[in-house]
Structure formats: C-alpha cells, structure tokens
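If you're wondering where the values come from, they're calculated on a predicted model, not measured in any experiment. Positions are given from 1 along the sequence.
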Amino acid sequence: MNKYTLAIETSCDDTSISVHEGIELISLKTFSQIKTHEKFGGVIPEVASRLHSKFIFNLIEIAIKDSGKTLKDMDRIAVTVGPGLVNTLQIGITIAKTLSLVLDIPVYGINHIEAHAFSPFINMEAKFIPKKAIVLIVSGGHTQILIKDGWKFNLLGKTRDDSVGEAYDKVAKILGLKYPGGPTIDKIYNETKKKAEKSPLTNLEKYDFSYSGLKSFVSLKAKKNFNKESLMKGFQESAIRQLIKKVEKAMAEFKIDDVIIGGGVSANSLLRSELKSIDNIILHLPKINYTGDNAAMIGYLASIKIQEDIIKEGNLEMDANSRMEI
C-alpha cells in the first residue's frame with residue numbers, strides 16, 4: 001500500500017508544497033516571490049522569511065486539498081534542511097517538525113542539492129535512475145560538477161566565486177535588465193539578431209568554475225559605448241560554454257555517458273541545446289517546472305530513498321544547515 005508524503009521547500013525565495021502517493025506526485029503548489037524581490041535586484045533574506053511565514057499555511061492547505069486527501073492522511077513529512085538561507089530553511093523545518101509531532105508521523109530532512117540531482121526522475125521508479133552519472137548542478141546559489149555512484153556523490157569541482165545563476169543576475173543588473181537575470185537574458189538571446197560580443201572564456205584547470213572575470217568584463221564594457229544585446233549575447237555564450245567544457249572533460253576522463261542536469265539554470269535554452277549536441281551523451285534533464293526550487297523534488301527524493309531502503313528513520317533533531325554539502 002502506497003504511503004502519502006507531504007513535502008516542504010523553503011530554501012530561498014520560493015514557498016513550495018507537494019503531496020506524493022508513493023513516489024508519484026499528486027499535487028504541487030509553489031508561491032514565487034520574484035515580483036517582490038525584483039525591485040531589489042536580488043533576494044532579501046528577511047523579506048523572503050516574512051513571505052514564507054505569511055503564505056506557507058495557506059499553501060499547505062491548498063496543496064493537500066488539491067491532492068484529494070486530508071492532513072490526517074499524510075504518513076510522513078519531507079523538508080529541505082539545507083543548503084539555503086538559514087532563516088527561510090528554519091521556517092519550513094519548524095513547521096515540518098510541528099506537523100510531525102501533532103500528526104505523530106516521521107519527518108525526514110532532505111538535501112536541496114541532492115534533490116536537484118534527482119529532479120529529472122520525478123515520478124520514475126529507481127530502475128530508471130542511472131547508477132553512474134556526471135551531475136551538473138547550476139542555480140542561483142550553486143555551480144557544481146559531481147560524479148554520482150549509486151546513492152553517493154563525489155564532488156569534482158565548484159565555482160570559486162559567483163555561481164552561474166548569480167552571475168546572470170549581476171550582469172542583468174549591470175545592463176539594466178529585469179531580475180531574475182537568467183530567464184531575461186535567455187529570452188533576449190533568442191530574440192535578438194545582433195552578433196555576440198566576443199567575451200572571455202574562463203577555463204580553469206580540472207573542474208572548478210569562475211564567473212567573476214566574465215562579470216567584470218561585462219561591467220567594464222558597459223562603461224563604454226556598447227550594444228546591450230551583443231554584450232549580453234556574448235556573456236551567455238561564454239557562461240554556458242564554460243559549463244559545457246567541464247561536462248565534456250568529465251565524460252571523457254571518467255568514460256561516463258549519462259549526464260544529469262539540475263537547478264534553475266538548467267532551464268536555459270542554450271545550455272539545453274549545447275548539451276544535446278555532445279556526442280554520445282545520454283542526457284537527463286528535468287522538466288521546466290522542476291528546474292527551480294520546488295517541493296516535488298524534495299518529496300520524490302524522500303519517497304524513493306524510503307522505497308529503496310536508503311533511509312529508514314525520521315529525525316526530529318534536524319536543524320537548518322545553510323552550507324550543507326551533498
């Protein structure tokens with residue numbers, strides 16, 4: 001008999017709630033704070049925390065009603081414990097623990113980055129998840145490349161400064177474009193006929209990334225006579241090329257063809273098309289609605305790990321870990 005999981009995600013500026021029957025997602029409701037943070041050009045943690053507190057209870061009620069179940073039907077709770085903004089994480093964790101005690105059901109803490117790595121497989125049985133794979137996590141807070149081996153991950157490299165998503169936001173701000181930068185720049189990239197401004201390509205040894213140099217290049221160019229569309233187009237091509245080079249390098253070195261992509265920047269159209277053009281790649285991409293921060297990947301990861309007997313017991317002693325590693 002399938003059990004029901006209520007999942008809670010509050011790691012940054014999206015309040016997201018999902019309900020799962022076994023590993024199957026049956027309800028997902030997400031409240032985005034983009035409109036609020038847009039005027040600041042980035043996420044303000046205190047504002048994000050207040051908005052989570054304001055909307056999360058209604059969102060839980062709506063998600064459960066949408067699933068056709070009741071709160072009393074829930075058999076367990078899954079919640080993001082890190083990484084993320086410590087104050088926003090604590091809101092989700094506090095509510096999850098409270099519901100666990102009131103309903104007398106277990107609560108499971110889930111790693112947000114690990115959940116992104118499993119986001120392409122939401123609703124799929126474990127047999128469809130590759131045992132070994134190159135994993136690229138690209139978001140507003142993280143840029144990492146890892147090797148997945150079963151249920152374990154080995155970090156190959158990460159950004160030394162800005163994440164790729166953060167670089168997009170900062171470049172958008174420099175160019176006077178709308179926040180968040182990723183979707184805005186990608187949209188203009190696909191619409192403009194302008195030729196791309198030749199931009200520097202950072203290619204560090206081994207598997208680390210760096211976006212500070214590319215960001216500084218855009219900043220310096222923006223102080224002179226420049227064409228916004230050309231500069232922005234050149235930025236996107238260099239930013240994405242850096243990711244592609246590391247994926248190709250890892251595939252060749254470790255002789256692994258399966259590649260998993262997760263995180264908000266995995267929605268980028270150029271990244272997707274460039275990845276698909278790599279020879280022999282077996283690409284696992286999340287659906288667009290699972291690329292950003294969402295409870296569906298939190299509930300799915302908890303459910304599939306419980307089904308596969310990877311995790312056995314809940315943990316009421318969990319706490320927020322803003323710098324949690326995968």
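Taking E253 as the reference, Y207 meet the side chain to side chain donor-acceptor pair (under 3.5 Å) condition, with sequence neighbours excluded. In this view, K187 and E191 satisfy the side chain to side chain donor-acceptor pair (under 3.5 Å) rule, not counting sequence neighbours. Among residues two or more places apart in sequence or in another chain, the ring pair (Phe, Tyr, Trp, His ring centres under 6.0 Å) test is passed with H112 by H116. Applying the side-chain contact (heavy atoms from CB on, under 4.5 Å) criterion to S49, with sequence neighbours excluded, gives N87, T88, I91. Residues meeting the side-chain contact (heavy atoms from CB on, under 4.5 Å) test with A267, sequence neighbours left out: I288, T291. The ring pair (Phe, Tyr, Trp, His ring centres under 6.0 Å) check on H284 picks up F121, with sequence neighbours excluded. Applying the side-chain contact (heavy atoms from CB on, under 4.5 Å) test to R50 and every residue at least two apart in sequence or in another chain returns E46. Under the rule for a side-chain contact (heavy atoms from CB on, under 4.5 Å), the partners of T94 that lie at least two apart in sequence or sit in another chain are T98. By the ring pair (Phe, Tyr, Trp, His ring centres under 6.0 Å) test, F31 pairs with F55, sequence neighbours left out.
Remark: the backbone N or O of Y179 is not paired with any side-chain donor or acceptor of T184 at under 3.5 angstrom. Here the side chain of S18 pairs no donor or acceptor atom with the backbone of S27 at under 3.5 angstrom. Looking only at distances, no side-chain donor or acceptor of S303 sits under 3.5 Å from a matching main-chain atom of L301. No donor-acceptor distance shorter than 3.5 angstrom exists from the side chain of S67 to the backbone of I26, with no hydrogens or angles considered. Put simply, the side chain of T10 gets close to the backbone of G92: a donor and an acceptor are under 3.5 Å apart.
Contact check on E114 versus K152 returns no salt bridge, with no Lys/Arg side-chain nitrogen under 4.0 Å from an Asp/Glu carboxylate oxygen. For the pair K215 and D162, the salt-bridge criterion is met [side-chain N within less than 4.0 Å of a carboxylate O]. With salt bridges taken as basic N to acidic carboxylate O contacts below 4.0 Å, none links E61 and K65.
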Note to self: Under the criterion side chain to side chain contact (heavy atoms under 4.5 Å, CB included), I'd like the reasoning laid out for D208 against T159: C-alpha separation, chi angles, the key distance, then a yes or no.
What the structure shows: CA-CA 6 Å; D208 279 355; T159 183; over 6 Å; no
Next item on the list: Go through N268 and Y189 one step at a time and tell me if the side chain to side chain contact (heavy atoms under 4.5 Å, CB included) criterion holds.
Entry: CA-CA 10 Å; N268 182 276; Y189 180 91; over 6 Å; no
Check: Is there a side chain to side chain contact (heavy atoms under 4.5 Å, CB included) between K158 and E325 once you walk through the steps?
Finding: CA-CA 11 Å; K158 60 183 179 180; E325 299 288 342; 4.1 Å; yes
Next item on the list: Walk me through it: do I311 and Y108 pass the test side chain to side chain contact (heavy atoms under 4.5 Å, CB included)?
Entry: CA-CA 9 Å; I311 52 176; Y108 299 87; 3.8 Å; yes
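Side-chain contact, S16 with T30: a donor N or O sits under 3.5 Å from an acceptor N or O. Judged purely by distance below 3.5 Å, without hydrogens or angles, the side chains of D161 and S210 pair a donor atom with an acceptor atom. In the model, S32 has no side-chain atom that pairs as donor or acceptor with a side-chain atom of D13 under 3.5 Å.
Other residues, nucleotides and ligands contribute more than 12 heavy atoms inside 6.0 Å of the CZ atom of F254.
For the residue pair L285 and S266, the shortest heavy atom distance occurs at CD2-O, 4.4 Å.
A 4.5 Å side-chain heavy-atom check between L283 and K276 finds at least one atom pair inside the cut-off. Between I147 and L156 the shortest side-chain heavy-atom distance falls below 4.5 Å.
For residues 231-246, the pairs satisfying salt bridge (charged side-chain N to carboxylate O under 4.0 Å, His left out) are R241-E248, R241-E274, with sequence neighbours left out. Applying the side-chain hydrogen bond (donor to acceptor under 3.5 Å, both in side chains) test to every pair with at least one member in residues 306-315, sequence neighbours left out, gives these pairs: D309-K312.
Between Y4 and the choices R76, H20, K72, K69, the side chain to side chain donor-acceptor pair (under 3.5 Å) rule is met once, by K69. Only one option out of F128, W151, Y300 pairs with F118 in a ring pair (Phe, Tyr, Trp, His ring centres under 6.0 Å); it is W151.
Counting side-chain heavy-atom gaps under 4.5 Å among Ile, Leu, Val, Met, Phe, Trp and Tyr, L220 is found in no cluster with other residues.
Here Y168 and F235 bring their ring centres to under 6.0 angstrom of each other.
M297 and I137 fall within a single hydrophobic cluster, where Ile, Leu, Val, Met, Phe, Trp and Tyr side chains are chained together by heavy-atom contacts under 4.5 Å. At a threshold of 4.5 Å between side-chain heavy atoms, the hydrophobic network of Ile, Leu, Val, Met, Phe, Trp and Tyr places I8 and I23 in two separate groups. If you chain together hydrophobic residues whose side chains sit under 4.5 Å apart, L99 and V107 fall into the same group.
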